[in-house]
There are 2 protein chains.
Amino acid sequence: MALKSESGSNGESNGTVSIGLNAVIVAVTDEEPRLLTVRPSGRLRGQAGKGGRESGALPFGPLDPEKDRTLELGLTRWVREQTNLELGYVEQLYTFGDRDREPRSRSGGRRVLSVGYLALVREGQVAGREETSWRPWYEFFPWEDWRRGRPPLIDAAIEPALDRWVEGGKDPLRRQEHRERADITFGLRGAPWDGERVLERYELLYEAGLVFEARRDSELSSAGEPATGMGGRGEAGLVPGRSMVLDHRRIVATALGRLRGKIRYRPVVFELLPPTFTYLQLQRVVEALAGVRLHKQNFRRLVEKGGLVEGTGQLVSDTGGRPAELFRFRHEVLRERPTPGVGLPGVHS
Amino acid sequence: MALKSESGSNGESNGTVSIGLNAVIVAVTDEEPRLLTVRPSGRLRGQAGKGGRESGALPFGPLDPEKDRTLELGLTRWVREQTNLELGYVEQLYTFGDRDREPRSRSGGRRVLSVGYLALVREGQVAGREETSWRPWYEFFPWEDWRRGRPPLIDAAIEPALDRWVEGGKDPLRRQEHRERADITFGLRGAPWDGERVLERYELLYEAGLVFEARRDSELSSAGEPATGMGGRGEAGLVPGRSMVLDHRRIVATALGRLRGKIRYRPVVFELLPPTFTYLQLQRVVEALAGVRLHKQNFRRLVEKGGLVEGTGQLVSDTGGRPAELFRFRHEVLRERPTPGVGLPGVHS
DNA sequence: GTAATAGTGTCTTTCAGACAGTATGAC
DNA sequence: GTCATACTGTCTGAAAGACACTATTAC
C-alpha cells in the first residue's frame, strides 16, 4: 500500500526518476474535516515519535508509465483498487521533488518525485479497509482550528518557540527577517491571521525545528548526532500535532491551504455535502474547512445573494428546533457569476 | 536547448520516467506582457503550421536527479546557464504528464513528465541569446486581450466554430453539456467573461479541434488520415493565434490564468515593475496582465486604500502631461493585510 | 412554559462605481 | 491659449457587519 518495494537497480544514473502519486482524500463528517490515512508500512514504520505520537501516511501509489495514460487516471485507478473509493472531484496540488524528501534517495537509491492530489468525497462514502482511517485533519495542524477561538497553543507553545528561533538568528538583519516572517505567517504582534497560509506556517515550524519531521530528518541526515542544536531530545520543545511519514504533512498542508482558498471562488463545498442539505449544514462544512466560526445571518445572506443554492420545499425536523428547509446547489449559478464561492463573511457567531 | 536527445534505452519498463522543467518567463515591456520563447529544435522543428504560423517553444531543461537538490534549483540553474537570466520570483504551476503530450512517448520511448514553472522578471532584464525572443503573449491567445474591447474574433471565429462543435455532439444531453461549457468558458449568451479561465478556454478550443495543436496531434496519432473529421485540411477552420510545440501553449495558458488570479491577492505585480513607478505605469501593467482596461480613479483609490504603495516625493516629467509622482511598493502592507493584491476595479476607463 | 434551532427585518458603515472638477506640464 | 496627463472631491447604490426580532419544533 505504501512505497514501492522493488529496490533492484539502485541509482543507475541516466536521468530517470520514479513518480509517486499521493492523494489527500478529504471528507467532512460530524462537522470535522477528515483525511484518509493509511498505516505506514515497511521501512517507514519505525519513524513515529516516542511519546505515543504515531505517524500516519497518505495513500500512495506509483505511476505506471506504461499503463496510466494520464496522472489523474493513474491516481483514480489505484485509489479504486486499494480503497474502493470512487473519486469525484480531483485536483492536482503540487509536485514535491526535493532530493531529501525520501530517505532512499539520500542513500543512493532512485529518486522519487511525488505528485500530490486533492480529492473531495461525500460524507458517508468511507473506504472499507482496516489499515485505513479517517483522521480529523486538525489533529495534524491543531493551530489551524480557530472555531473555538484562537488556539491556546499558539500563545503557549508556538509564539515563545518562534521567539527563540528569531533570537537564534545569526545577525540583526537575519533576526529582523525572521521576526517579520514569524509575525506574518502566524499573525503575531498585531498582524492578521490569514487562514490560507497553512503551508507557510508548517514550513516555518519545520525550519525552526518545531515539528517532529524536522528532528527526524536532521537525525537521519547526520546519522545519530543531534543536528541543529535541537535534535535528538525526544519531544521536548516540539509543537503539538500528529506527524506524518516523509513529507506527507507538507502535502496535507498544501491541500488545506488550497482548499481554503478555493471555497471562496469556486463552489467546491458542495462536493463534500449530500445533494440536499440545510443552511446550517452548509455553514458547518464551510466553517470546518475555513477553521473559523462564521456569522450566521450574514453567511445566509451571502449564500442567498450569491445565488448558490435554491430551496427544495422539503423540511427536515431532526434539527433540535424548528424544522429547516433543504436546499440544493443551484447549477445555473455557474453561468451567471464568474466566481461563485461562499465568500466568507465575518468571523464568530 | 530543447528536449534531451539521448534515446538509447527505449522504454525499458521499470516504472521510470524523465523529468523536464519548463519555464514560462514573463516580463512586461511597452504595456505588453511577453514571454521568453526559444526556437524549437530537432524533430520538433517541422511542426509549424503551413500558413506562416511558426511554432514557438518554452525554454526547457531536464532535471538532473543527481545534481539538482530541488526542482526549483534545477530550473534556475539551467535558465541561468542558457539565458543569463537570474530568476527572482518563481512559482510551480503544474505537472503535465499525459502520455500523449510527447510524440516520443507514443512511439515507445521513455515517458517524459514536465513540471511547468512561472517566473517573473523585471522590465529591462532581457536575455542575450539570439535563438530566444520575447513574444507578446496575446499572440498566442488573441481572445484573451480585451483591452480594446471584446476581441472581434470571438464573435467572428470562435462562437460560430463552437456552435458547430456543440451541434456535432452525439446526443441531446451531450449537446446540452457542450453548450453550457462553451457559454461559461467563453462568456457567450449572456454568461460573464471570467478572465481567469484561460486554461479552460484553451482546452475547449483544443478539444473542439480549433487550435493547430489539436490537428497536429490527431494527425500524428492516426498517421496520415484525417482524425476527428477536422484534421489535415491546412488551417481552415482554425481560430487565429500562434501555436507552440508539444503542449507548451497549454502550459502558458496555465501560467496566464494563475497570474491573473494571483495579482488580486498577492502583490506580484511589483515583481514586474522597476523599484519606483508611477500610478499609471502600475495600472498599465495590471491591465496588461488582466487583459482589460481599468477605471483610473477607482484603481488609484483601491491601491491607495489597500496601502500597497507609498509616494517617494520624486516627480517624473516625461509623462506627456503633468509630472507624475513616483511610488514604491509598501513592504509593511504584508503585515497589515492578509491578502494584499490589486483587487481589480471595474472595467474600462 | 423553556430550550434550541430556523428564518426575517433593518440600521450603519464601508466600499465600489461613476460623475465631475482642478493642477501642472509640453507645445 | 490647447492638449495631455496627474491628481482630488463627492454623490450614489450595493454590499458587509451587527443588532434585534419572530417562527416552529421538542421537551
Side-chain angles (χ1 to χ4, degrees), chain A residues 30-31 192 264-265 276-287 290 292-328 333 336-349, chain B residues 31 192 263-265 276-287 290 292-328 333 336-349:
Chain A
D30 305 325
E31 309 189 0
R264 291 188 316 157
Y265 61 93
T276 64
F277 45 84
T278 68
Y279 257 108
L280 195 59
Q281 268 182 289
L282 172 59
Q283 182 176 344
R284 290 294 181 238
V285 171
V286 173
E287 288 175 339
V292 286
R293 283 236 165 268
L294 302 175
H295 190 277
K296 186 173 173 174
Q297 296 87 331
N298 290 341
F299 177 80
R300 206 189 166 88
R301 182 174 50 190
L302 270 183
V303 173
E304 206 161 42
K305 289 221 171 172
L308 278 172
V309 300
E310 61 190 356
T312 65
Q314 294 175 294
L315 295 180
V316 280
S317 42
D318 61 344
T319 58
R322 169 173 168 178
E325 185 172 3
L326 283 173
F327 292 80
R328 73 168 76 88
V333 76
E336 296 164 1
R337 310 207 134 213
T339 59
V342 287
L344 314 181
V347 197
H348 227 69
S349 168
Chain B
E31 307 188 1
I263 50 174
R264 292 188 315 158
Y265 61 95
T276 64
F277 45 84
T278 69
Y279 257 108
L280 194 60
Q281 267 182 290
L282 172 59
Q283 182 176 344
R284 291 293 182 239
V285 172
V286 173
E287 289 175 338
V292 286
R293 284 235 165 270
L294 302 176
H295 190 277
K296 187 173 175 173
Q297 296 87 330
N298 291 341
F299 177 81
R300 206 190 167 87
R301 182 176 49 189
L302 270 183
V303 173
E304 206 161 44
K305 288 220 172 174
L308 277 172
V309 300
E310 61 191 355
T312 65
Q314 294 174 295
L315 295 180
V316 280
S317 41
D318 59 345
T319 59
R322 170 174 166 179
E325 185 172 4
L326 283 173
F327 292 80
R328 74 168 75 88
V333 76
E336 295 164 0
R337 309 208 136 214
T339 59
V342 287
L344 314 180
V347 196
H348 226 71
S349 167

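Each chain gets a letter, A, B and so on, in the order the sequences are listed, and its residues count up from 1. Keep in mind that this is a model prediction, so the values were computed, not measured.
When rounded to the nearest whole Å, the span between NE2 of A/His295 and P of C/dC11 equals 17 Å. Between the CG atom of A/Leu282 and the P atom of C/dA6 there is a distance of 12 Å, rounded to whole Å. Atom pair B/Gln281:CD and D/dT5:P shows a separation of 14 Å (rounding to whole Å applied). Straight-line distance from the CD atom of B/Glu304 to the P atom of D/dA6: 15 Å, rounded to whole Å. What separates CZ of A/Phe299 from P of D/dG17 is a distance of 13 Å, to the nearest Å. Counting to the nearest Å, the P atom of C/dT13 and the NZ atom of B/Lys305 are 14 Å from each other. Between the CG atom of A/Leu294 and the P atom of D/dA16 there is a distance of 13 Å, given to the nearest Å.
Of the side-chain N and O atoms in A/Arg300, none sit less than 4.0 angstrom from OP1 or OP2 of C/dA6.
Of the candidates D/dA6, C/dA6, D/dA18, the closest approach to any side-chain atom of A/Asn298 belongs to D/dA18. In the set D/dA16, D/dA6, D/dG17, D/dA6 carries the atom at the smallest distance from any side-chain atom of B/Ala324. Taking the side chain of B/Leu302 as heavy atoms from C-beta on, and the options D/dA16, D/dA6, C/dA16, the nearest nucleotide is C/dA16. Nearest to the side chain of A/Gln297, among D/dA16, C/dG7, C/dG17, sits C/dG7. Nearest nucleotide to the B/Phe327 side chain, out of D/dC7, C/dG17, D/dA18: D/dC7. Distances from the side chain of A/Lys296 to the nucleotides C/dT5, D/dA18, C/dA18 place C/dT5 closest.
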Report task. Sugar-phosphate atoms are those with a prime plus P, OP1 and OP2; base atoms are the rest. Using that split, label each nucleotide of nucleotides 22-27 of chain D B, S or - for protein heavy atoms under 4.0 Å, 5' to 3'. Result -> -BBB--

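Residue pairs meeting the side chain to side chain donor-acceptor pair (under 3.5 Å) criterion with at least one partner in residues 315-325 of chain A, sequence neighbours excluded, do not occur; the list is empty.
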Requested in this report: Go through the steps to decide whether B/Arg284 and B/Glu287 satisfy the test salt bridge (Lys or Arg N to Asp or Glu O under 4.0 Å), and finish with yes or no.
Outcome: CA-CA 5 Å; B/Arg284 291 293 182 239; B/Glu287 289 175 338; 2.8 Å; yes

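The base of D/dG17 sits within donor-acceptor range of the side chain of A/Arg301, with an N or O pair under 3.5 Å.
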